[in-house]
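Working notes, beginning with the structure itself.
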Amino acid sequence: MPQRPNILLITSDQQHFSTLGCTNPRIKTPALDALAAGGVRFERAYCSNPVCTPSRASIITGLYPSWHGGWTIGVKVPEDQPFVGDYLAQAGYATSLIGKAHFQPLRSQPGSESIESQPLMRDLDWWRKFHGPFYGFEHVETARMHGDESHAGQHYGIWLEEQGLANWRDYFDPWPETEDKVRRRHKWNLPERFHYSVWTAERTIAAMERSVAEKRPFFLWSSFHDPHPPYLVPEPWDTMYDPADVPYPKIAPGEMDAMAPHFRKTQEESPDFSMYRETFGPHGFHSHLHDEQAMRKNIAVYYGMISLMDREIGRVVAALDRLGIADNTLVLFTTDHGHFLGQHGLVAKGAFHYEDMIKIPMLARWPGRIPARTVSRAMQSQVDLAPTFLAAAGENGARPPDGVKGPGPIFSMQGVNQLGVWEGVADRAREEIIVEDRIEPTKLSVRTCVDERYKITVYRGADYGEMHDLVEDPGELRNLWSRPECAALKSRLLLKFVQAEIRREPTRMPRIWGS
């Protein structure tokens, strides 16, 4: 039987699809550029939901958020379902998650018990004893924060102390948070050698070395935290890019006039978003008005965060060569969702389904299986990763791994197997992409359907929506939803949307008898 391939999934957090050096000469990402040169770069990859928890859970379940249960941030992903790591472990894989997880809320309560919560995250004695199992991973080393956020600790805190940084808490916001906490901007006084990107790379390499020593193939998720805000990075990365040289997109006059109401409100000084809130304020529902110079500096630091992360990804990829396993390792790089850097007047993230938010960078390399230096416009979704990984682990990629029990991914996953597309033997595996987004159960529920040319977005209980022609209007400046001359097109796209919704219904168990 052929040796099973290793599967290395590398992700960033909240990375705009344009921030790769191979497509944007303003940014330096030599490691990611080399991955792209060694395999395929996808131009039409999309998230399942533009929020961390639901998109990450889609990666490991092959399900959309409305089915896997972690429908937004602050909602626990139920653990009573099969994950891709469970299937691969049954086939003999060592399964590990290193870095950010974010499957559980920051606060724990009965019915939503969370280990990714305070004050447990700073209880290092507890984390010294815990390494899994966790969401299909038998081995976990994780940390939750971004930048200097207060919810630091877990296995990263342990590592910092092992590196000699006993006072690591001084570099992060205090817990419980206080009003007089240090306001760090752009330059982080944390020495570079203690940065969490360095930790993620180092522990990823250790996990690979352990699997090689055990002579087991691995499924390893190396989950980097950046470039998610706050825009903060150690020197010299904070000044690597000149704010005057970074691209600064501006909102076009009148482009929000035909958009949904919550888009237009972002351009007000003090918008009233109370109609969208029940408990917690949703991401992005605030004023997005900003100062150009401040935004330019944020973009420059965002680029620096990516370049530091890229250096560490380079260390991880180089370790594959050192260990002699590069040729038998499928490497997939992507992110959880996009990020606004001033496009359409918007900042960071929210329920604004422009391409900047829902389209993601994606690269795949597998020497001898995926042709080098290729670019694909075949549509990719995060829900496709789990079934594709299972196909890659199967004999000749034709079926899931031997030894997998139960109904199997063909019945329990909504994603499609993209291996033939990745290998260049199939033109496409899907006709459209579905993106979900829910704010509160009754306040704002959004679904978008994207095909090769058009995008249509529907809001539950609303007669407004968005429709864009991505060929004639790639900047998405003209909403066609209410234009009379586009009525027939809208009807056709809505029918396509309904058919896509019907097709994606999962079937956990096959029917095996007539009774």
- prompt: What residue pairs, at least two apart or across chains, pass ring pair (Phe, Tyr, Trp, His ring centres under 6.0 Å) with a residue in residues 317-338?
  reply: none
- prompt: Are the side chain of Arg296 and the backbone N or O of Val246 linked by a donor-acceptor pair below 3.5 Å?
  reply: yes
- request: Name the orientation class of the two ring planes belonging to His288 and His286 (parallel below 30°, tilted from 30 to 60°, perpendicular beyond 60°).
  value: parallel
- prompt: Judged by atom type as modelled, is there a donor-acceptor pair below 3.5 Å linking the side chain of Thr374 to the main-chain atoms of Gly39?
  reply: yes
- request: Could you tell me how the ring of Phe134 sits relative to the ring of Phe130: parallel (under 30°), tilted (30 to 60°) or perpendicular (over 60°)?
  value: perpendicular
message: In the structure I gave you, are the side-chain heavy atoms of Leu97 and Phe103 within less than 4.5 Å of one another anywhere?
response: yes
- prompt: Does a donor on one side chain and an acceptor on the other come within less than 3.5 Å for Thr457 and His353?
  reply: no
field: Straight-line distance of Met305 CE to Gln14 CD, nearest 0.5 Å
entry: 9.5 Å
task: Check whether any side-chain heavy atom of His344 lies under 4.5 Å from a side-chain heavy atom of Phe352, and answer yes or no.
output: no
task: Establish, from distance only, whether the side-chain atoms of Glu202 and Trp159 form a donor-acceptor pair under 3.5 Å.
output: yes
message: Once you measure the plane-to-plane angle for Phe389 and Phe219, does it fall in the parallel (<30°), tilted (30-60°) or perpendicular (>60°) bin?
response: tilted
message: When you measure from the side chain of Gln104 to the backbone of Ile115, do you find a donor-acceptor pair of N or O atoms at a distance under 3.5 Å?
response: yes
- prompt: Which class fits the ring pair Phe83 and Tyr135: parallel under 30°, tilted 30 to 60°, perpendicular over 60°?
  reply: perpendicular
- prompt: Taking the six-membered ring for Trp, are His290 and Tyr248 parallel (under 30°), tilted (30 to 60°) or perpendicular (over 60°)?
  reply: perpendicular
- prompt: Are Met357 and Gln343 side-chain neighbours, meaning at least one heavy-atom pair lies under 4.5 Å?
  reply: no
- prompt: Are the side chains of Arg56 and Val77 in touch, meaning some heavy atoms are under 4.5 Å apart?
  reply: no
message: Strictly below 4.0 Å, N to O, side chains only: are Glu116 and Lys100 in salt-bridge contact?
response: no
query: Got a second to check how far Met362's CE is from Thr11's OG1, nearest 0.5 Å?
result: 11.0 Å
task: Determine yes or no for a side-chain-to-main-chain donor-acceptor pair under 3.5 angstrom, with Gln163 supplying the side chain and Arg193 the backbone.
output: no
Lys297/Asp291 ion pair, N-O < 4.0 Å: no
Parallel, tilted or perpendicular: ring planes of His131 versus His139, cut at 30 and 60 degrees: parallel
task: Say whether, by atom type as modelled, one donor and one acceptor occur between the side chain of Thr53 and the main chain of Gly70 under 3.5 angstrom.
output: no
query: With no hydrogens and no angle check, is any side-chain donor or acceptor of His68 less than 3.5 Å from a backbone partner on Pro54?
result: yes
Full working for side-chain hydrogen bond (donor to acceptor under 3.5 Å, both in side chains) between His186 and Asn298: CA-CA 7 Å; His186 302 134; Asn298 287 343; 2.8 Å; yes
query: Looking only at heavy atoms, what is the nearest atom pair of Ser48 and Ser55, with distance?
result: OG-CA, 3.7 Å
query: Around atom CZ of Arg373, are there more than 12 heavy atoms of other residues, nucleotides or ligands at under 6.0 Å?
result: no
- prompt: Is any side-chain heavy atom of Thr204 less than 4.5 Å from a side-chain heavy atom of Ile10?
  reply: no
query: Would you call Glu476-Lys359 a salt bridge at under 4.0 Å N-O?
result: no
message: Are Trp366 and Leu332 packed together at the side-chain level, in the sense that at least one heavy-atom pair is separated by less than 4.5 angstrom?
response: no
- request: Output, in order, the C-alpha distance, side-chain angles, deciding distance and verdict of side chain to side chain contact (heavy atoms under 4.5 Å, CB included) for Val450 and Arg44.
  value: CA-CA 10 Å; Val450 190; Arg44 300 295 305 281; 3.4 Å; yes
- prompt: Side-chain contact, heavy-atom cut-off 4.5 Å: Thr448 with Asp437?
  reply: no
query: What do you reckon, are the aromatic ring centroids of Tyr171 and Trp168 less than 6.0 Å apart?
result: no
query: Can any side-chain N or O of His468 pair as donor or acceptor with the backbone N or O of Tyr354 at less than 3.5 Å?
result: no
- prompt: To the nearest 0.5 Å, how far apart are CZ in Arg365 and OG1 in Thr329?
  reply: 8.0 Å
- request: Kindly indicate, with the supporting measurements, whether the criterion side chain to side chain contact (heavy atoms under 4.5 Å, CB included) is fulfilled by His102 and Asp13.
  value: CA-CA 11 Å; His102 205 169; Asp13 194 319; 5.5 Å; no
statement: CD1 (Ile433) and OG (Ser381) are apart, to the nearest 0.5 Å, by 4.5 Å
query: Would you say Glu255 has more than 12 foreign heavy atoms packed within less than 6.0 Å of its CD?
result: yes
Salt bridge flag under 4.0 Å for residues Arg322 and Glu209: yes
field: Results of ring-ring contact (aromatic ring centres under 6.0 Å, His included) for His228 - residues two or more places apart only
entry: His146
task: May I ask you to decide if Ile98's main-chain N or O and Ser223's side chain share a donor-acceptor pair within less than 3.5 Å?
output: no
query: Is there a donor-acceptor pair closer than 3.5 Å between any side-chain N or O of Glu177 and the backbone N or O of Glu149?
result: no
query: Do Trp175 and Pro119 have side chains that get closer than 4.5 Å, going by heavy atoms?
result: yes
message: Please tell me whether Thr23 and Arg41 have a donor and an acceptor in their side chains that are separated by less than 3.5 angstrom.
response: no
- request: List the steps, then state whether side chain to side chain contact (heavy atoms under 4.5 Å, CB included) holds for Asp245 with Arg26.
  value: CA-CA 8 Å; Asp245 293 337; Arg26 291 187 176 92; 6.0 Å; no
- request: Over 60° means perpendicular and under 30° means parallel, so classify the ring planes of Tyr156 and Phe172, tilted if in between.
  value: perpendicular
statement: When rounded to the nearest 0.5 Å, the distance separating NZ of Lys349 from CD1 of Ile73 is 5.5 Å
With a 3.5 Å cut-off and sequence neighbours excluded, list the donor-acceptor pairs that the side chains of residues 306-318 form with protein atoms.
| from | atom 1 | to | atom 2 | distance (Å) |
| --- | --- | --- | --- | --- |
| Ser307 | OG | Lys28 | O | 2.8 |
| Ser307 | OG | Tyr241 | OH | 2.6 |
| Ser307 | OG | Tyr303 | O | 3.4 |
| Asp310 | OD1 | Ala31 | N | 3.3 |
| Asp310 | OD1 | Leu32 | N | 2.9 |
| Asp310 | OD2 | Ala31 | N | 3.0 |
| Arg311 | NH1 | Glu192 | OE2 | 2.4 |
| Arg311 | NH2 | Glu192 | OE2 | 2.8 |
| Glu312 | OE1 | Arg315 | NH1 | 2.4 |

message: Is it the case that over 12 heavy atoms from other parts of the model lie below 6.0 angstrom from the CG atom of Asp427?
response: no
- request: Run the ring-centre check on Tyr302 versus His16 and record whether the distance is less than 6.0 Å.
  value: no
N/O donor-acceptor pair under 3.5 Å between Gln382 side chain and Asp336 backbone: yes
- request: Establish, from distance only, whether the side-chain atoms of Asn49 and Tyr64 form a donor-acceptor pair under 3.5 Å.
  value: no
query: Yes or no on side chain to side chain contact (heavy atoms under 4.5 Å, CB included) for Arg144 and Thr142, after CA distance, side-chain angles and deciding distance?
result: CA-CA 7 Å; Arg144 174 64 181 273; Thr142 188; over 6 Å; no
task: Drop me the distance from Trp422's CH2 to Arg369's CZ, to the nearest 0.5 angstrom.
output: 12.0 Å
